[in-house]
Structure formats: C-alpha cells, structure tokens
Amino acid sequence: MQIIELNEENREAVRKTILDRTPTQFGDQEKTVREIISDVKENGDSALFAYTAKFDHADIHADNFEVTEEEIREAYDNVAPELVSVIRKALRNIRDFHEKQKQNSWITTTPEGTILGQKITPMQRVGVYVPGGKAAYPSSVLMNIVPAKTAGVDEVIMMTPCNREGKVNPAVLVAAHEAGADRVFKAGGAQAIAAMAYGTESVPKVDKIVGPGNIFVALAKKAVYGSVSIDSIAGPSEILVLADETANARYVAADLLSQAEHDEMATALMITTSRKLAEDVSREVDGFVKELSRREIIQKSLDNYGRILVAPDRETAIDAANEFAPEHMEIVMKDGFEVMTKIRNAGAIFIGEYSSEPLGDYFAGPNHILPTSGTARFFSPLSVDDFVKKSSIIHYSREALKAVHKDIEQFAKCEQLTAHANSIAVRFENDKE
C-alpha cells in the first residue's frame, strides 16, 4: 500500500480522492431508470414482468411472482443447519440492540391548561430491496428487516431478483423468514423500486424503501424519493483504521482488506502515528493479497483508494479521521476508549484489536447499514428511528390561550399573516378588556 506522510496538502488530496470517487453524472443510466419507472408506474405488473424477463431472463408472471410457503420450506432444506443456527444467533443480537433504540410517546401538562407531547407511530408498510446478482447478502436482510419489525411496522415487503429458474437465493429467503418479512416478491433493479414506490396489481405501495443495490437501484430510489421515503443513496464501502505503535500489523492489514474486497471503488485507509507500523502493515497487505480469492478486486481497490497516512502526532491523526468521516472506523490504540470520545464523524466505531469490522457486519448487533462518502458528518446508521413517524400533540385550554393570544397575534402581524392573527383573535373578540 502507498505510504504518505500526512500534512495539510496531501490530506486534502486524499480526502478529495476518497469523497469524489463516486461519479455524480449518470446521464444514460438516469434516462433508462426514468423510462423504467414511468413504464412500471403506468403499466404495473405487465411492465414489471417484462423487465424481469429482459434483465434476469426469468419467466415471472402473476402465478409465480410471490414467494410461497413451499418455496420457503425448500430454502430451509437447501441451507446448512449450521448456517441457519448462525443466522438465528445474529438475529437475536441485532434485535436486542435495536430494542434499546425504541422511543415512547410522551405528554407533559401544566397547571395553566396546556397539554403538549409527541406521538410515536410506526410506518404501516415498508419495502426492503435485497440485491441478488453475483452475490447474496442474508446479513443485509436481517439488518433491514429487524429494525423495521422492532419499530412496529405492520407489513414488510421484500423484493429480490431470482435466477433463470425463478428461484431466490435460499440463504436470503431463510434470513427473510427468520427476520419476519411478510411478503417476498421476485423482482430486482429499478423496476422493483418503482413497483414498491407506486404499487402494482400484485405489489402494494409502501411508505419507505430501504436496502442496498447497484447504480440503477440507487438512481431509482433517488427518483422516487418524495413519493416514498428512502434510507439513503449508499456509496462504495470504506474503512479507516486509526492505529499507533501498539497495533498488531497483521490484524490491521487483514481488516483493511476486509473492505477492499467489496469492489474496486472501496476505500481502505490507515492513519497511524508510527512509521514502522505503516511499513509492517504494507508488507502484511502484500502477503495477504497473494492468498485471497478476490485478489484482483482487492488490488485495484488498493491501487486506486488504499492509503496509509503517517501522522506527526495523535491529535493530527484524530483530526484527519474526523475529516474523512468514514463508514467504518477501527481504533487500535493503547487508549482506544479515550480516543473514541474525540471522534465526531463515523458510521460505526470499533475499539480494540479484537473488534474487527466484520464483527459488525454479521453478528454484534448494531446495524451495518451506515453512511458513506463522508456523510457520517450528518447521517446515522439505519435504526428503529427510520421506521417511525413523530407527531406533535398540542392542546390549550381557553384560559391558557387567553394568557398568550396577544403575543401570537403580534407575531402573525409581524409576518403580515393577518388571517393567522384573526384565527387567534376571533376567539376573544367578545371579551371585555
């Protein structure tokens, strides 16, 4: 990996490279996505089935579109019992963590006759998109469905592509069933997003769409936002390891590569105060790359976006880490928890040499759907909060309103909204002052 001495000039260059690695112009793809969305919106199932035949080469129609109980049973038969057991263990951890995020409605009252509060209401129906191309991710199924169900969502609709034979990946189906998906449909791409956003003869319209996907899925989610809510437009995966001389170079190298293998645009960064550790990690990375199955993807990722930055001191290292605002941050320093208190911007923070990033991807419990491309400065991981709405509750008695009505009228008149002022004043027009 390339080793760079960290200073203001090259820090900005690296930051720009990382944050600008995702293209922002997708003219041809956007045109295609708009056409697909318009077609599905207008023609419903017939358009959806036609695109499934075109892109997935599968003969899907009304009779085999929705996954049946028999298909779910078949999926269990095709998944090793050991994996089912692991899915259930991870599910318990994820559910336990998200249960702690739940909020309750609340009300406060005053002797003057006011009642104010906040009402928490789960969304009625949510759509979960699950990719099904070259790779299948049952872990993402759990991470999307569990917080929705924990929040109290009435119905979770899942859409995922099938193969040429009309079959869905069995591990994905098992994870969906274990997590509590109510209905699963066989469709992918922009057409699946459109179906959930606007509804078809078979697919009910949802309130929110969550889940990862390729560029067509991301652009479709962006296009339907406003008709429905979405979680985010996710960029390529990222890891930043913040380390000092106490870190194990072999562990750090392995962790960097765990993200580099995602795709050629993934980012693997290390910021360290130790030049020796930087050189040791670089050597370990070279050794691992020769052994790993996705070595070509990993090497391209490292060549384009892999960097080891050597900082002059700990404070500079922490400042740079906050500036990058990574999706995943590992802190491998002798005083890791103290350093953690100084981190402002990170999707998930892993502390200590035995808290490797894949622990969060699969098992620990916190959600692995995290802000990318520097958006951890203002976005948070997917959570129960993403699946509820908050309504304000306001009640004033006549006496309470009378005490403040002139203040409200003055404010409204200041904004030249005389009808607002009148709405308050009319209630006291017969009062004798």
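We use all heavy atoms of the structure for the numbers below, so side chains are in, but hydrogens, waters and symmetry mates are not.
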Task: Donor-acceptor side-chain pairing of T372 and E327 below 3.5 angstrom - done: no
Open item on the list: Between E74 and K167, does any side-chain N to carboxylate O distance fall below 4.0 Å?
Closed with: yes
TODO: Please indicate whether H177 has more than 12 foreign heavy atoms, meaning atoms of other residues, nucleotides or ligands, lying under 6.0 Å from its NE2.
DONE: no
- [ ] Compute both the distance and the angle, then confirm whether K41 meets the cation-pi test with Y198: under 6.0 Å from the six-membered ring centre, within 45 degrees of the axis.
- [x] yes
Open item on the list: Looking at Y396, I want to see if its OH is surrounded by more than 12 non-hydrogen atoms of other residues, nucleotides or ligands under 6.0 Å.
Closed with: no
Open item on the list: Quiz question: by atom type and distance under 3.5 Å, do the side chains of D385 and Q103 form a donor-acceptor pair?
Closed with: yes
- [ ] Report the distance from atom CD1 of I94 to atom OG of S139, rounding to the nearest 0.5 Å.
- [x] 8.0 Å
Task: Heavy-atom donor-acceptor pair, D56 side chain to C162 backbone, under 3.5 Å - done: no
TODO: Heavy atoms only: give me the nearest P212-P131 pair and the separation to one decimal.
DONE: O-CG, 3.5 Å
Open item on the list: Below 30° counts as parallel, above 60° as perpendicular, anything between as tilted: where do the rings of F49 and F65 land?
Closed with: perpendicular
TODO: Could you tell me whether a side-chain N or O of T272 sits under 3.5 Å from a main-chain N or O of A243, the two making a donor and an acceptor?
DONE: yes
TODO: Take atom CD of E291 as the centre, draw a 6.0 Å sphere, and report whether it contains more than 12 heavy atoms from other residues, nucleotides or ligands.
DONE: yes
Open item on the list: Would you compute the distance between atom CD of Q118 and atom OG of S105 and round it to the nearest 0.5 angstrom?
Closed with: 7.5 Å
Open item on the list: Less than 3.5 Å apart, any donor N or O on the side chain of S140 or H368 sitting next to an acceptor on the other?
Closed with: yes
Task: Greater than 12 external heavy atoms within 6.0 Å of Y362's OH - done: no
TODO: May I ask you to check whether over 12 heavy atoms, not counting those of E69, lie within 6.0 Å of atom CD?
DONE: no
Task: Flag if over 12 foreign heavy atoms under 6.0 Å of NZ, K205 - done: yes
Open item on the list: Taking A419's backbone N and O only, do any of them form a donor-acceptor pair with S423's side chain (distance below 3.5 Å, no angle check)?
Closed with: no
Open item on the list: Counting neighbours of CZ on F378 that are heavy atoms of other residues, nucleotides or ligands and sit closer than 6.0 Å, is the number greater than 12?
Closed with: yes
- [ ] Say whether Y51 and D39, considering side chains only, have a donor N or O and an acceptor N or O under 3.5 Å apart.
- [x] yes
TODO: May I ask you to check whether over 12 heavy atoms, not counting those of E296, lie within 6.0 Å of atom CD?
DONE: no
Open item on the list: Give me each pair satisfying salt bridge (Lys or Arg N to Asp or Glu O under 4.0 Å) with a member in residues 98-112, each pair once, sequence neighbours excluded.
Closed with: E99-K102
Task: Any donor-acceptor pair under 3.5 Å from S85 side chain to P81 backbone - done: no
TODO: Tell me yes or no: between the side chains of K119 and T121, is some donor less than 3.5 Å from an acceptor?
DONE: yes
Open item on the list: How close do H420 and A412 get, counting heavy atoms only, and between which atoms?
Closed with: CB-CB, 3.8 Å
- [ ] Return the minimal non-hydrogen interatomic distance between Y129 and G213, and the atom names on each side.
- [x] CE2-CA, 4.3 Å
- [ ] Quick one: list whatever passes salt bridge (Lys or Arg N to Asp or Glu O under 4.0 Å) with D231, sequence neighbours left out.
- [x] K221
- [ ] Evaluate the criterion side chain to side chain donor-acceptor pair (under 3.5 Å) for residue pair E155 and Q124; output intermediate values, then yes/no.
- [x] CA-CA 6 Å; E155 188 177 19; Q124 184 175 351; over 6 Å; no
Task: Salt-bridge contact K208-D386 (side-chain N to carboxylate O under 4.0 Å) - done: yes
Open item on the list: If I take atom CD from residue E238 and atom NE2 from residue H328, how far apart are they, to the nearest 0.5 angstrom?
Closed with: 8.5 Å
Open item on the list: Keeping N144 on the side-chain end and V128 on the backbone end, is there a donor-acceptor pair under 3.5 Å?
Closed with: no
- [ ] State the OG1-CG distance between T68 and D63, to the nearest 0.5 angstrom.
- [x] 12.0 Å
Open item on the list: So, using side-chain hydrogen bond (donor to acceptor under 3.5 Å, both in side chains) as the criterion, who are the partners of Q101 when residues are at least two apart?
Closed with: none
Open item on the list: If I take atom CD1 from residue I115 and atom OG1 from residue T109, how far apart are they, to the nearest 0.5 angstrom?
Closed with: 6.5 Å
Open item on the list: Nearest 0.5 angstrom please: E165 CD to D59 CG, how far?
Closed with: 11.5 Å
Task: Pair K186 + E71, salt bridge at N-O below 4.0 Å - done: yes
